[in-house]
Undergrad: 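Here you go, one structure.
Computed over heavy atoms, backbone and side chain alike; hydrogens, waters and symmetry mates excluded.
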Amino acid sequence: QVQLVESGGGLVQAGESLRLSCAVSTSRFSINDMGWYRQAPGKQRELVATITSGGSTVYATTLKGRFTISRINGKNTVDLEMNSLKPEDTAVYYCRAVVDRRELWGQGTQVTVSS
């Protein structure tokens, strides 16, 4: 069974940085797109950033420039570097991966940014 495990969330002050990491527990299946999404209280889940197997990236327009998504070559891991965090970035961040043509989601990691 393939699992996605997120780590790196926490409580920070505005202006600080966090790095989230998502590890996919598989070596038998190919991993296509990977990405990060977030859901704030009372809001719908929204795209943060995605990265394809070829390295192409897509960012939410409002986040591009502050957040950077990366995928370690040869590793089943996708990271999200979050800089200059703002209170409105507070949300549960979810990792998404397409593994063997299946869409899988992690359980989420809480990011809280205080003002």
Side-chain angles (χ1 to χ4, degrees):
Q1 185 177 29
V2 179
Q3 291 183 316
L4 281 63
V5 181
E6 305 104 329
S7 62
L11 173 64
V12 298
Q13 292 183 321
E16 295 182 341
S17 300
L18 280 175
R19 177 181 286 270
L20 305 183
S21 183
C22 174
V24 181
S25 61
T26 181
S27 61
R28 298 191 296 118
F29 304 106
S30 62
I31 304 174
N32 301 115
D33 294 357
M34 300 185 73
W36 287 94
Y37 294 73
R38 69 184 186 184
Q39 187 168 15
K43 299 180 65 177
Q44 298 293 316
R45 187 172 299 185
E46 64 179 358
L47 167 74
V48 176
T50 62
I51 184 168
T52 69
S53 59
S56 298
T57 58
V58 175
Y59 292 90
T61 302
T62 58
L63 301 178
K64 189 173 184 179
R66 291 197 298 120
F67 289 14
T68 302
I69 191 169
S70 62
R71 190 172 179 178
I72 301 174
N73 189 37
K75 302 290 184 179
N76 299 333
T77 302
V78 61
D79 285 3
L80 182 71
E81 180 70 30
M82 304 185 295
N83 298 313
S84 301
L85 284 164
K86 305 174 181 179
E88 52 262 43
D89 295 320
T90 295
V92 177
Y93 285 70
Y94 296 91
C95 179
R96 173 187 179 272
V98 179
V99 181
D100 193 28
R101 299 176 295 174
R102 295 179 298 157
E103 183 183 59
L104 302 175
W105 293 87
Q107 64 180 338
T109 184
Q110 177 71 46
V111 173
T112 302
V113 184
S114 63
S115 60

Undergrad: What are the two closest non-hydrogen atoms of T68 and Y59, and how far apart are they?
TA: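 Scanning both residues completely, I find the closest heavy atoms to be CA-OH, 3.4 Å.
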
Undergrad: Quick one: CD on E6 to OG on S21, what's the gap to the nearest 0.5 Å?
TA: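 If I round to the nearest 0.5 Å, the distance is 9.5 Å.
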
Undergrad: Same cluster or not: are Y94 and F67 linked, directly or through other Ile, Leu, Val, Met, Phe, Trp or Tyr residues, by side-chain heavy atoms under 4.5 angstrom apart?
TA: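 No, because Y94 and F67 fall into different hydrophobic clusters, even though each may have its own neighbours under 4.5 Å.
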
Undergrad: What's the spacing between L63 CG and W36 CH2 if we round to 0.5 Å?
TA: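 If we round to the nearest 0.5 Å, L63:CG and W36:CH2 are 14.0 Å apart.
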
Undergrad: Indicate yes or no for a side-chain donor-acceptor contact from S25 to the backbone of Q3 under 3.5 Å, with no hydrogens or angles considered.
TA: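 At least one qualifying donor-acceptor pair exists.
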
Undergrad: Assess the residue pair S70 and R19 against the criterion (side chain to side chain contact (heavy atoms under 4.5 Å, CB included)); give the C-alpha distance rounded to whole Å, side-chain angles, the decisive distance to 0.1 Å, and a yes or no.
TA: CA-CA 11 Å; S70 62; R19 177 181 286 270; 4.3 Å; yes

Undergrad: List the atom pairs, donor and acceptor, that lie under 3.5 Å between side-chain atoms in residues 98-107 and the rest of the protein, sequence neighbours left out.
TA:
{"residue": "E103", "atom": "OE2", "partner": "R96", "partner atom": "NE", "Å": "2.7"}
{"residue": "E103", "atom": "OE2", "partner": "R96", "partner atom": "NH2", "Å": "3.2"}

Undergrad: Apply side chain to side chain contact (heavy atoms under 4.5 Å, CB included) to the pair V2 and V24, showing each step before the final yes or no.
TA: CA-CA 7 Å; V2 179; V24 181; 3.7 Å; yes

Undergrad: Under the rule for side-chain hydrogen bond (donor to acceptor under 3.5 Å, both in side chains), what residues qualify as partners of S7, not counting sequence neighbours?
TA: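 Result, side-chain hydrogen bond (donor to acceptor under 3.5 Å, both in side chains) vs S7: none returned.
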
Undergrad: For V113, is there any backbone N or O sitting under 3.5 Å from a side-chain donor or acceptor partner on T90?
TA: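 Side chain of T90 to backbone of V113: a pair is present.
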
Undergrad: Mind checking the OG1-CZ spacing from T57 to R71? Nearest 0.5 Å is all I need.
TA: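 So the OG1 of T57 and the CZ of R71 are separated by 12.5 Å.
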
Undergrad: Can you name the nearest heavy-atom pair linking A14 to S115, along with the distance?
TA: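 Taking every non-hydrogen atom into account, CB-CA, 4.4 Å.
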
Undergrad: Should R66 and D89 count as an ion pair when the cut-off is N to O under 4.0 Å?
TA: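 The answer is yes: the pair qualifies as a salt bridge.
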
Undergrad: Any chance you could lay out the side-chain hydrogen bond (donor to acceptor under 3.5 Å, both in side chains) test for S17 and N83, step after step, and finish with the verdict?
TA: CA-CA 4 Å; S17 300; N83 298 313; 2.9 Å; yes

Undergrad: Under a 4.5 Å side-chain heavy-atom rule over Ile, Leu, Val, Met, Phe, Trp and Tyr, are Y37 and L18 clustered together?
TA: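 They do not share one cluster, since no chain of ILVMFWY contacts under 4.5 Å joins Y37 to L18.
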
Undergrad: Just verifying a value: how many Å separate I69 CD1 and M82 CE, rounded to the nearest 0.5 Å?
TA: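 Answer rounded to 0.5 Å: 11.5 Å.
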
Undergrad: Begin from the C-alpha positions of T112 and Q110 and carry the test side-chain hydrogen bond (donor to acceptor under 3.5 Å, both in side chains) through to its verdict.
TA: CA-CA 6 Å; T112 302; Q110 177 71 46; 3.3 Å; yes

Undergrad: What's the separation between atom CG in D79 and atom CG in L20, rounded to the nearest 0.5 Å?
TA: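 It comes to 8.5 Å.
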
Undergrad: Mind listing the closest non-hydrogen atom pair of V78 and C95 along with its distance?
TA: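 Nearest heavy atoms, V78 then C95: CG1-SG, 3.9 Å.
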
Undergrad: On a heavy-atom basis, which atom in I31 and which in S53 lie closest, and how many Å separate them?
TA: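 Of all heavy-atom pairs spanning I31 and S53, the closest is O-CB, 4.1 Å.
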
Undergrad: Answer with yes or no whether the hydrophobic clustering places V12 together with L80; edges join I, L, V, M, F, W, Y residues whose side-chain heavy atoms lie under 4.5 Å apart.
TA: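 In one cluster: yes.
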
Undergrad: Would you mind writing out the side-chain donor-acceptor pairs for residues 43-50 within the sub-3.5 Å range, not counting sequence neighbours?
TA:
{"residue": "E46", "atom": "OE2", "partner": "R38", "partner atom": "NE", "Å": "2.7"}
{"residue": "E46", "atom": "OE2", "partner": "R38", "partner atom": "NH2", "Å": "3.3"}

